[in-house]
Asks: 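Before we start, here is the structure in question, set down as structure tokens.
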Amino acid sequence: MCTAIKYKNNYFGRNLDYEFSYGEKITITPRLYPIKFKYIEELKSHYAIIGMAHIASDYPLYYEAANEMGLAMAGLNFVGNASFYQYDDNKNNVCGFELILYILGLAKNVNEAISLLNGLNLVGTPFSNNYPNASLHYLISDKNMSITLEFERDGMHIYNNHINVLTNNPPFLYQIANLNNYLNLTPDEPTNRFSSSIDLKTYSRGMGAIGLPGDLSSESRFVRAAFFNANSKSFDDELSNVNQFFHILDSVCQIRGGCHLGEDKYEITIYSSCINLNEGIYYYKTYNDFSINKVSLFNEDLDTFKLISYEMLNKMKINEQN
């Protein structure tokens, strides 16, 4: 399971929660890398893209990414609700594994992404026999707005996501309706609304958030991420914002042992990412390495034909002070 957020206007990222890694790398797709598709014409030039991807046969299978124009997109598990459709001669037929590359390669903002989606048909043809299409829904954001994209049995749905949060099941509209159950939560000191005839007082800080769900389900993580994202405060410098972004993701992380999948399998937050959409900087940390690492899109030659990738730094470092 996973959680994705956009913080303030230009920070976008996610927790990738799973029981094992596919060997993903921080991957830059330069402008002239030929993006091949199963059913539509190859993109010989496009916007440069940075994000986390598994590279298979020199093809980047992105989990989340942003392009050089500041448009970002993340795919999150949506098993049981996500659907693919039959090939349609009247639309651009894009496979599930191609979708992030297609949108980020061609669109510079959310409105352009919506225009592309309106002419798109998502088909289930897999990358290969070893790589079936994942059942996903998506958070798509630029500096001004976010949308949720879901492909269900009754068709494609695009929702304005003013919460700037996405987790997994149930569908997005249910998640939004469920937030109404928590309208009493506040980061401030709560007032006594129990009864005017009973003298009740707070005995601890933070009691305004009593009722905030603390379990690991995607429904509860949505509420928790929405609460902290909406109420979060940070100074206006880069380090403060990036630091705060990761603290929000920490509030919904998966700790080994908390979600047992049978035998010796446990879901953990394999990595957390934060992309500065203005600067094209990809920050990340891993389950084993709490330190924040970064890869900068614009530090590379983006007018090349070959993928650029970096292994995740994943070994714990301790600063010894004496």
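Heads up: numbering here begins at 1 and tracks the sequence.
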Asks: Consider only side-chain N and O atoms of N121 and N93, and report whether a donor and an acceptor are under 3.5 Å apart.
Replies: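 Per modelled atom types, N121 and N93 side chains form a pair under 3.5 Å.
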Asks: Looking at L200, I'd like to know if its CG atom is crowded, meaning that more than 12 non-hydrogen atoms belonging to other residues, nucleotides or ligands lie closer than 6.0 Å.
Replies: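 Counting neighbours around CG of L200, more than 12 heavy atoms of other residues, nucleotides or ligands fall under 6.0 Å, so yes.
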Asks: For atom NE2 of H260, decide whether the heavy atoms of other residues, nucleotides or ligands shown that lie under 6.0 angstrom number more than 12.
Replies: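 Yes, because the 6.0 Å sphere around NE2 of H260 holds more than 12 heavy atoms from other groups.
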Asks: Measure across Y11 and C274 and return the closest heavy-atom pair with its distance rounded to 0.1 Å.
Replies: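 Looking at all heavy atoms of both residues, the shortest contact is CD2-SG, 3.8 Å.
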Asks: How close do F246 and I292 get, heavy atom to heavy atom, and via which atoms?
Replies: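 Closest approach of F246 to I292, heavy atoms only: CD1-CD1, 3.5 Å.
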Asks: Regarding Q244 and S232, do their side chains bring together a donor and an acceptor under 3.5 Å, going by distance alone?
Replies: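 Short answer, yes.
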Asks: Can you tell me if E41 has over 12 outside heavy atoms packed within less than 6.0 Å of its CD?
Replies: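 No, not enclosed.
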Asks: With a 6.0 Å cut-off (strictly less than), is the heavy-atom count around NZ of K306, excluding the residue itself, greater than 12?
Replies: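 Not buried by this count: 12 neighbours or fewer within 6.0 Å.
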Asks: Under a 3.5 Å threshold, yes or no: a donor from one side chain and an acceptor from the other, between E98 and Y62?
Replies: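 On atom types as modelled, these side chains do not qualify, holding no pair under 3.5 Å.
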Asks: Looking at every heavy atom in both I26 and M312, which two are closest together, and how far apart are they?
Replies: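 Smallest heavy-atom distance, with atoms named: CD1-CG, 3.7 Å.
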Asks: Where does the angle between the aromatic ring planes of F78 and H137 fall among parallel (under 30°), tilted (30 to 60°) and perpendicular (over 60°)?
Replies: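 Geometry flag for H137 against F78: parallel rings.
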Asks: Does I198 have more than 12 heavy atoms from other residues, nucleotides or ligands lying within 6.0 Å of its CD1?
Replies: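 More than 12 heavy atoms, drawn from other residues, nucleotides or ligands, come within 6.0 Å of this atom.
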Asks: Report the residue from T269, L76, N15 that forms a side-chain contact (heavy atoms from CB on, under 4.5 Å) with C2.
Replies: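 Looking at T269, L76, N15, the match for C2 under the side-chain contact (heavy atoms from CB on, under 4.5 Å) is L76.
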Asks: Among L307, D301, V295, N299, which one satisfies side-chain contact (heavy atoms from CB on, under 4.5 Å) with I28?
Replies: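 Only one of L307, D301, V295, N299 forms a side-chain contact (heavy atoms from CB on, under 4.5 Å) with I28, namely V295.
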Asks: Among N67, L43, L71, find the one that has a side-chain contact (heavy atoms from CB on, under 4.5 Å) with L106.
Replies: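 Answer to the side-chain contact (heavy atoms from CB on, under 4.5 Å) test with L106 among N67, L43, L71: L43.
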Asks: Is the count of non-hydrogen atoms from other residues, nucleotides or ligands lying under 6.0 Å from K315 atom NZ greater than 12?
Replies: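 No.
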Asks: Surrounding CD of E189 (heavy atoms of other residues, nucleotides or ligands, distance under 6.0 Å), is the total greater than 12?
Replies: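 It does: E189 CD has more than 12 such atoms within range.
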